[in-house]
Amino acid sequence: MSEELTAQTEELSLESKTVFDNKEEFTAKHPLSNRWTLWYTKPQVNKNENWHDLLKPVITFSSVEEFWGIYNSIPVANQLPLKSDYHLFKEGIRPEWEDEQNAQGGKWQYSFNNKRDAAGVINELWLRGLLSVIGETIEDDENEVNGIVLNIRKQAFRVGIWTKDCDVNKLKTVGERLKKVLQLREEQKVEFISHDASNKKGSASIVL
Amino acid sequence: MVKYTEDRLLELKEETYIPQPQILEAFNQMIESVKEHAAAEAEKHKAIKWNNGDTYIDEHGNERPYHHMNRRRASRTANKPSLRKKSVENVDEDGWATLSKPKRSFGADEGLEERAKFRESVREGTVGGSGTVKAKPNNKNLGSSKAVDPRDAIADKHTTTFNAFEALGDGDDDDDDE
């Protein structure tokens, strides 16, 4: 079964053309500032699959109309299997620490540890996160945000905003906005961890 | 840079265009297969954990495993309640929170008055006459069955008891001698 899955996911490619390559078919009324790629991490179904095999680009878009078309055609957050991730990143940036655009950066994140309570709101909160990223309202003009990630885990739903670097002054706005987007209360803290420090436990450098 | 607020983007929700629907279809199929695989794995795991394959046919003709007859006591499997007392948070006028551990029951303030009264009475000699408290230990609650009072510890003394086998043996010998 896993071989079939691998074959299917191999068909999903970044190379395919978008609607902007054929303007006769579609003219975007509401273009976005950036082109965005949706990525998916497939849970491992076969021990031979490594991280690189599991992380797949799904589709790239650059208009509001395309965003809604895609969003309405894919499973919502709470319908994804365990150990899945959605990643929405600017085109050309792989959602990996090793990518040179991410290497010097980190992530703001919040874990919804009470899955039972969060299951009812995670779809709406993830959508709000996506809208703040593609609408570019998650930051002012810092151009710090590379993408947004959703992790579906046994114990928690986790939402993270990946940034280009770790400049505290620029990052604060992003952290505060993420808190608003996720509708967190004052005592619910978002934390920033640089990718460098991610391997060390308890290494959150900023907490808001 | 073009910016769209959340409200503006939600207003445009109806204006959709699905680029490359075949890719999204393949993506949905892949997720469905992953879900099926996960469900099958969960089922397999369940079977491994709870069923040794030994089954019987019930009165309705259904095949059922025996595991319900081998239930373990709840005390073996259920979560035990945490008896540990949690710290109490005291917030002062300035808003500083101090965590204080609750006192153990035998050290708590509850019996303070009675304890003081008892101690005073001991000091004055009202309890136990000559100022000392005579307390006899209760042997049955002690771990060892040895007597506490050394006078009670009696040395093994020789006892003569009637032994029927010995008596019979003696009789036989006597007979032989005769």
Side-chain angles (χ1 to χ4, degrees), chain A residues 1-2 4-6 8-9 11-13 16-20 25-34 38 40 42-46 56 58-75 79-84 127-128 130-132 134-137 140-141 143 181, chain B residues 1-50 77-79 81-82 86-100:
Chain A
M1 179 187 273
S2 60
E4 286 172 32
L5 291 181
T6 311
Q8 278 177 350
T9 52
E11 290 169 17
L12 307 174
S13 166
S16 48
K17 292 178 178 180
T18 74
V19 287
F20 284 92
E25 281 184 22
F26 173 72
T27 308
K29 292 182 199 165
H30 300 94
L32 298 169
S33 288
N34 283 289
L38 176 71
Y40 176 68
K42 187 171 78 73
Q44 194 182 42
V45 292
N46 179 333
K56 301 284 179 190
V58 181
I59 201 162
T60 298
F61 62 92
S62 54
S63 71
V64 178
E65 290 80 1
E66 285 175 292
F67 167 76
W68 282 119
I70 293 165
Y71 180 81
N72 292 332
S73 308
I74 60 173
Q79 294 299 312
L80 287 178
L82 284 181
K83 297 182 186 172
S84 292
L127 173 61
R128 285 173 60 97
L130 291 172
L131 297 179
S132 70
I134 63 163
E136 314 271 354
T137 52
D140 290 328
D141 294 317
N143 195 24
V181 165
Chain B
M1 183 187 279
V2 189
K3 284 186 184 265
Y4 296 93
T5 62
E6 186 187 318
D7 291 340
R8 179 66 186 133
L9 288 166
L10 287 169
E11 280 171 21
L12 299 169
K13 196 174 181 181
E14 301 308 317
E15 298 190 28
T16 63
Y17 175 79
I18 305 174
Q20 299 158 307
Q22 72 284 1
I23 285 184
L24 297 178
E25 205 174 302
F27 176 66
N28 282 313
Q29 273 174 14
M30 183 192 69
I31 288 189
E32 275 312 308
S33 347
V34 171
K35 278 184 183 173
E36 279 168 20
H37 179 268
E41 285 293 307
E43 205 57 41
K44 217 193 293 178
H45 177 72
K46 235 190 219 174
I48 290 166
K49 197 171 179 188
W50 298 111
T77 52
N79 289 333
S82 169
K86 285 174 185 156
S87 299
V88 182
E89 190 180 277
N90 301 313
V91 182
D92 68 10
E93 289 170 358
D94 301 327
W96 287 94
T98 313
L99 291 174
S100 58

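In what follows, every heavy atom counts, from backbone to side chain, and hydrogens, waters and symmetry copies are set aside. All chains are named by letter (A, B, ...) in the order of the sequence lines, taking the proteins before the strands, and each is independently numbered beginning at 1.
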Inset, instruction - Could you check A:W68 against B:L10 for side chain to side chain contact (heavy atoms under 4.5 Å, CB included), going step by step and ending with a plain yes or no? - result: CA-CA 9 Å; A:W68 282 119; B:L10 287 169; 3.9 Å; yes
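- The candidate from B:K13, B:E41, B:R8, B:E6 with the greatest count of non-hydrogen atom pairs under 4.5 Å with chain A is B:K13.
- Here the closest non-hydrogen pair linking A:E136 and B:V2 is CG-O, 3.9 Å.
- Closest of all the heavy-atom pairs between B:I31 and A:L80 is CD1-CD2, 3.7 Å.
- Both the backbone and the side chain of A:S73 come within less than 4.5 Å of a heavy atom of chain B.
- The structure places CG of A:L32 at 6.0 Å from OH of B:Y4, a figure rounded to the nearest 0.5 Å.
- Between the side chain of B:K35 and the backbone N or O of A:P81 there is no donor-acceptor pair closer than 3.5 Å.
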Legend entry - Full working for side chain to side chain contact (heavy atoms under 4.5 Å, CB included) between B:L9 and A:F67: CA-CA 10 Å; B:L9 288 166; A:F67 167 76; 6.0 Å; no
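- Put simply, CD1 on A:I74 and CG on B:N28 are 8.0 Å apart, with the number rounded to the nearest 0.5 Å.
- The distance from the CD1 atom of A:I59 to the CZ atom of B:F27 is 10.0 Å, given to the nearest 0.5 Å.
- The NZ atom of A:K29 sits 4.5 Å away from atom CD of B:E15, with the distance rounded to the nearest 0.5 Å.
- No donor-acceptor distance shorter than 3.5 angstrom exists from the side chain of B:K3 to the backbone of A:S33, with no hydrogens or angles considered.
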Inset, instruction - Could you walk me through whether A:Y71 and B:T16 pass side chain to side chain contact (heavy atoms under 4.5 Å, CB included), step by step? - result: CA-CA 9 Å; A:Y71 180 81; B:T16 63; over 6 Å; no
